[in-house]
Amino acid sequence: MKIATWNINSVRLRMPLVAHFLKTAAPDILCLQETKCRDAEFPMKDFTSLGYNHVEINGQKGYHGVAVASKKPLRLIEKRDFCEKGDARHISVEAEGEGGPITLHNFYVPAGGDEPDVEINPKFAHKLSFLDEMKAWGENGAAKGRVAMVGDLNIAPLEHDVWSHKQLLKVVSHTPVEVEKLSAVFQAGKWIDAMRHFVPADEKLYTWWSYRAADWAASNRGRRLDHILVSEGLGGALKKLDVLTEARGWERPSDHVPVIIELSE
DNA sequence: ATGGTCGGAGCCCGA
């Protein structure tokens, strides 16, 4: 079973890229973040015409928004309102794996603004609160059984998840306080970092490159903001990882690229 | 060299 996650930065604008991706990579399930449209505006027919007949969405006007599209049936579990702000940042579904049902959580964690200081930046405070709530959610059994958690977590936790550890220590996405809170989330659910299961921690690994670089590939100042975590119950099923870096070079690209995990069950 | 670019909404905000 192939599960993909991709921050699409407007699903309506980039539906041609999504279609190309679904035709060529052919994941069983695609999790999207930053769909940026209300549920009624979601391009449902484009997905069904590509054979992805089962789509669950949690959208809102203009901002955020997550969706899960699948070839096989999904059962909607929940659209959880972390931090109770009414943001569309989570959706969970049950999917049919070869070894039994899999629970799948799709997250879009707040980016957190520019200043890594909760006193002056409420967006950063929101990000940290969101992570605290994810930790409690994991402690309360979210990772029990066969569970995967994917999405744009907006944090690059390891030194080699960013192009320069030293230069990014005070940049939101790689500050020690965020990294510690994300580590606490991972520990609370005993989540396994599926990407780093395949790529050693001392190797650079990115999923996002800023739009602001004149030449994203030449400067290669990336960050690993997108993640796939699996519960202990799925740890033995990890089969293959693919980070589709080339998608950053597509025409009118998202600033994030798809990450695909293959599970043997 | 402390900027640079996107998307959506609606002439700025969030990333």
Side-chain angles (χ1 to χ4, degrees), chain A residues 5-21 31-43 46 57-67 81-83 85-90 106-118 120-131 150-157 161-175 177-179 182 206-227 245-259:
Chain A
T5 179
W6 193 8
N7 178 320
I8 196 61
N9 189 13
S10 175
V11 69
R12 288 178 294 174
L13 188 71
R14 275 181 252 286
M15 194 59 222
L17 298 187
V18 174
H20 174 74
F21 172 71
C31 297
L32 294 170
Q33 305 86 37
E34 282 209 270
T35 51
K36 291 190 173 179
C37 62
R38 286 175 278 223
D39 290 355
E41 299 158 341
F42 191 90
D46 291 314
I57 51 184
N58 181 13
Q60 77 182 77
K61 183 182 178 182
Y63 302 100
H64 325 314
V66 289
D81 187 6
F82 285 81
C83 295
K85 288 172 71 87
D87 286 355
R89 296 183 178 276
H90 167 268
N106 182 11
F107 276 98
Y108 177 53
V109 171
D114 288 330
E115 284 295 330
D117 181 348
V118 297
I120 58 167
N121 178 9
K123 290 199 279 274
F124 194 67
H126 177 212
K127 184 178 197 175
L128 298 187
S129 300
F130 197 101
L131 293 164
V150 310
D152 178 3
L153 305 186
N154 266 313
I155 296 170
D161 290 339
V162 293
W163 63 276
S164 169
H165 171 63
K166 280 188 180 175
Q167 285 180 257
L168 287 171
L169 278 170
K170 290 178 178 172
V171 175
V172 171
S173 74
H174 193 62
T175 65
V177 61
E178 293 167 84
V179 169
L182 187 63
Y206 312 140
T207 64
W208 173 91
W209 292 259
S210 171
Y211 281 126
R212 293 178 188 175
D215 185 333
W216 71 275
S219 58
N220 197 25
R221 294 183 169 190
R223 303 177 203 171
R224 183 169 71 114
L225 303 180
D226 303 275
H227 297 269
T245 304
E246 66 189 66
R248 186 60 180 80
W250 291 350
E251 204 173 315
R252 294 199 79 185
S254 168
D255 43 357
H256 297 252
V257 299
V259 181

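We use all heavy atoms of the structure for the numbers below, so side chains are in, but hydrogens, waters and symmetry mates are not. Reminder, nothing fancy here: chain letters follow the sequence lines and each chain counts from 1.
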C1' spacing across the pair B/dG14 / B/dA9, given as an integer number of angstrom:
12 Å
Contact string for nucleotides 7-15 of chain B, one letter per nucleotide 5' to 3', B = base within protein heavy-atom range under 4.0 Å, S = sugar-phosphate only, - = neither, reads SSSS---SB
Judged by modelled atom types alone, do A/N7 and A/E34 share a side-chain donor-acceptor pair under 3.5 Å?
yes
Report the residues that fulfil side chain to side chain contact (heavy atoms under 4.5 Å, CB included) with A/D87, sequence neighbours left out, ordered by chain and then residue number.
A/Q60, A/H64, A/K85, A/R89, A/H126
Contacts of A/E178 meeting side chain to side chain contact (heavy atoms under 4.5 Å, CB included) (sequence neighbours excluded), chain-then-number -> A/F124, A/K127, A/L128, A/I155, A/V172, A/T175
Write down the distance between CD (A/E251) and C1' (B/dC6), rounded to a whole number of angstrom.
15 Å
Classify the ring geometry of A/W209 against A/W216: parallel below 30°, tilted from 30° to 60°, perpendicular beyond 60°.
perpendicular
All side chain to side chain contact (heavy atoms under 4.5 Å, CB included) counterparts of A/R212, not counting sequence neighbours
A/S210
Dump the pairs, protein N or O against N or O of nucleotides 1-3 of chain B, anything under 3.5 Å, distances to one decimal.
none

Quick one: list whatever passes side chain to side chain contact (heavy atoms under 4.5 Å, CB included) with A/L17, sequence neighbours left out.
A/W6, A/R14, A/W250
Looking only at atom C1', what distance separates B/dC11 and B/dG7, rounded to whole Å?
15 Å
For nucleotides B/dA15 and B/dG4, find the distance between their C1' atoms and express it as a whole number of Å.
14 Å
Kindly compute the distance separating OG1 (A/T5) from NE2 (A/H227), expressed to the nearest 0.5 Å.
10.0 Å
Donor-acceptor pair, side chain of A/N106 and main chain of A/G151, under 3.5 angstrom:
no
